[in-house]
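For reference, the structure is listed below as structure tokens.
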Protein chains: 2
Amino acid sequence: MTLEKRIRGDIEARIRSGELKPGDRIPFEHELTVTYACARATVSKALTGLARAGLIERRRKAGSFVAHRHVQTAVLEVPDLEKLITARGETYRWQRTHRSLAAEPDMGGPILRIEGVHYCGDDPFCLETRLISLSSVPAAAHETFATQAPGGWLLTHVPWTRARHAISARAATHPQARALGVTPGTACLAIERRTWRVMGRIDVPVTRVCQLFPGDRYDLVAEFNPGMQVDLGG
Amino acid sequence: MTLEKRIRGDIEARIRSGELKPGDRIPFEHELTVTYACARATVSKALTGLARAGLIERRRKAGSFVAHRHVQTAVLEVPDLEKLITARGETYRWQRTHRSLAAEPDMGGPILRIEGVHYCGDDPFCLETRLISLSSVPAAAHETFATQAPGGWLLTHVPWTRARHAISARAATHPQARALGVTPGTACLAIERRTWRVMGRIDVPVTRVCQLFPGDRYDLVAEFNPGMQVDLGG
DNA sequence: AAGTGGTCTAGACCACATA
DNA sequence: ATGTGGTCTAGACCACTTC
């Protein structure tokens, strides 16, 4: 237990217990250096951490204050589906159902379109439709993605990216329902993720994927603690 | 632009551009102090920030390395629905439909149960079922929640908490569909959030809410940059 | 054994918001 | 005008890991 964490923990406990309420002022840095008999840099690091976690707000000349609104935030970690399923002790399988080349103006040029199903054991688990920009990832043109899902391959072949996620609920269409082995109209969780590669100041589309999960087979579960610690469920 | 941010930005750019690939070693701290002609603490702060953002991994004696797997993470910020709607220029309204006292073993004692509908303009937008632990929040017993939604009230009356979110897709039941003005079976996005108050080492349940959004009226959109910067859409 | 990152110190100067 | 937080310096010791 470092001194920084001790200071941070003490203040966090006083906030959580209600002893310090939103709007209350936290002791000045120089006061805390006396309390803990340490250097100001150590106190500052502890308070910086608290501010980063959203527990306090810091204002020059005025001091540091307990933050007012607790912005409810969930951190969702969406790893490889394969890892998710194998972590549960189930067998994972990817079955490609479609592969074609096409043009997609939204993706800035020629694309590779892949469709397939992720299986959990013998049950369809997720229907995936993926577009890969060939101008951004030329190597993808040589891949069949017949046995390997595009997601894992892309993780190892594309450098850092920016992403945008949209999560919504949709009713399964007839072809979707057939692929997933459910009745048409079943409520499904749809996760759409677009990914860009940051090239200097312009962002180049890399891939766009829509994953459709039958509602009764998938929950996104995220545990959130204000201190930025994250747990993942599924 | 501080020196710390400049160092951090430089390294981040080299990673994003692909010049530094996963597994590559980043210059040692003492090397960076020479490069930037600064103190080691400044370099350390920059690298600590990169490690916190998940871009690099640091190992004693070995050095700092570009992180291997890019864990795809979405940060979803779920603020007050009222703010979400008013931010769009629509009028917000909360209509309570039910209020009762009951016992819920899962919540550790007596609870207040509130049900109601959030409106966006004249259209039902979200059906909310909320349980509030009265042993944790005794003051809630005196509130009617007839005109104010419980969410906003709780934000100002309950100290810091731990939360767990589950997001799934469900078909609207008949009563749910009636309340939301949709046809039964409509695919809906269900967000369930349980909140605990951390009391020392035990967590006391505070509230549990299930919000049901018609799938065609709501998307959760989260923009994610590896550097922890978050944008919110809706 | 050697060298790294982790942490801390005791100063310092600055910009800036507040009183 | 004053005092705060923001940032930085030039050291230091330690724990740990890898060599």
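Note that these values count all heavy atoms, side chains included, but never hydrogens, waters or copies made by symmetry. Throughout, a chain's letter reflects where its sequence line sits, starting with A, and its residues are numbered from 1. This one's a predicted model, so the numbers in the text were calculated from it and none came from an experiment.
Out of C/dA19, D/dT18, C/dT9, the shortest distance to the side chain of A/Cys38 is found at C/dT9. When the nucleotides C/dC8, D/dC13, D/dT18 are ranked by their closest atom to the side chain of B/Arg40, D/dC13 comes out on top. Of all nucleotides listed (C/dG5, C/dA10, C/dA17), C/dA17 comes nearest to the side chain of A/Arg60. With D/dT9, D/dT7, C/dC8 as the candidates, the nucleotide lying closest to the side chain of B/Ala39 is D/dT9. Counting only heavy atoms from C-beta on, B/Lys61 has its side chain closest to D/dT17 among C/dG5, D/dT17, C/dT18. Among D/dG3, C/dG5, D/dG5, the nucleotide with an atom closest to any side-chain atom of A/Arg58 is D/dG5.
No donor-acceptor pair closer than 3.5 Å links the side chain of A/Ser133 to the backbone N or O of A/Thr207. A distance-only check finds no donor-acceptor pair linking the side chain of B/Ser44 to the backbone of B/Arg40 [under 3.5 Å]. With hydrogens and angles ignored, the 3.5 Å screen pairs a side-chain donor or acceptor of A/Trp94 with a backbone N or O of A/Phe145.
Mapping B/Lys45 and B/Ala62 onto DNA chain D via the closest heavy atom, the residue that lands nearer the 5' end is B/Lys45. Nearer to the 5' terminus of DNA chain C, by closest-nucleotide assignment, is the contact made by B/Thr48 (compared with the other of B/Thr48 and A/Ala41).
Taking side-chain N and O atoms only, B/Arg59 has no distance below 4.0 Å to OP1 or OP2 of C/dT4. The phosphate of C/dT9 (OP1 or OP2) has a side-chain N or O of A/Thr42 nearer than 4.0 angstrom. Listed pair B/His30 / C/dT4 meets the phosphate criterion, a side-chain N or O lying under 4.0 Å from OP1 or OP2.
In this structure, B/Ile56 atom CD1 and C/dT4 atom P are separated by 15 Å, rounded to whole Å. Between the CZ atom of B/Phe65 and the C1' atom of C/dT4 there is a distance of 10 Å, given to the nearest Å. In this entry the distance linking CZ of B/Arg25 with P of D/dT17 reads 19 Å, nearest Å. When rounded to the nearest whole Å, the span between CZ of B/Arg6 and P of D/dC8 equals 11 Å. Regarding A/Leu32, its CG atom lies at a distance of 17 Å from the C1' atom of C/dT9, rounded to whole Å. Distance CZ (A/Phe28) to P (D/dG6): 13 Å, rounded to an integer number of Å. Protein atom CG of B/Leu47 is 13 Å distant from nucleotide atom P of D/dC8, rounded to whole Å. The separation between B/Glu29 atom CD and D/dC8 atom C1' is 15 Å, rounded to whole Å.
Residue A/Leu3 is in sugar-phosphate contact alone, with no base atom involved, counting any heavy-atom pair closer than 4.0 Å across all strands shown.
Counted by atom type alone, B/Thr144 and B/Arg99 present zero donor-acceptor pairs between their side chains at under 3.5 Å.
Classification of B/Arg14 and B/Asp24 as a salt-bridged pair fails, no side-chain N sitting under 4.0 Å from a carboxylate O.
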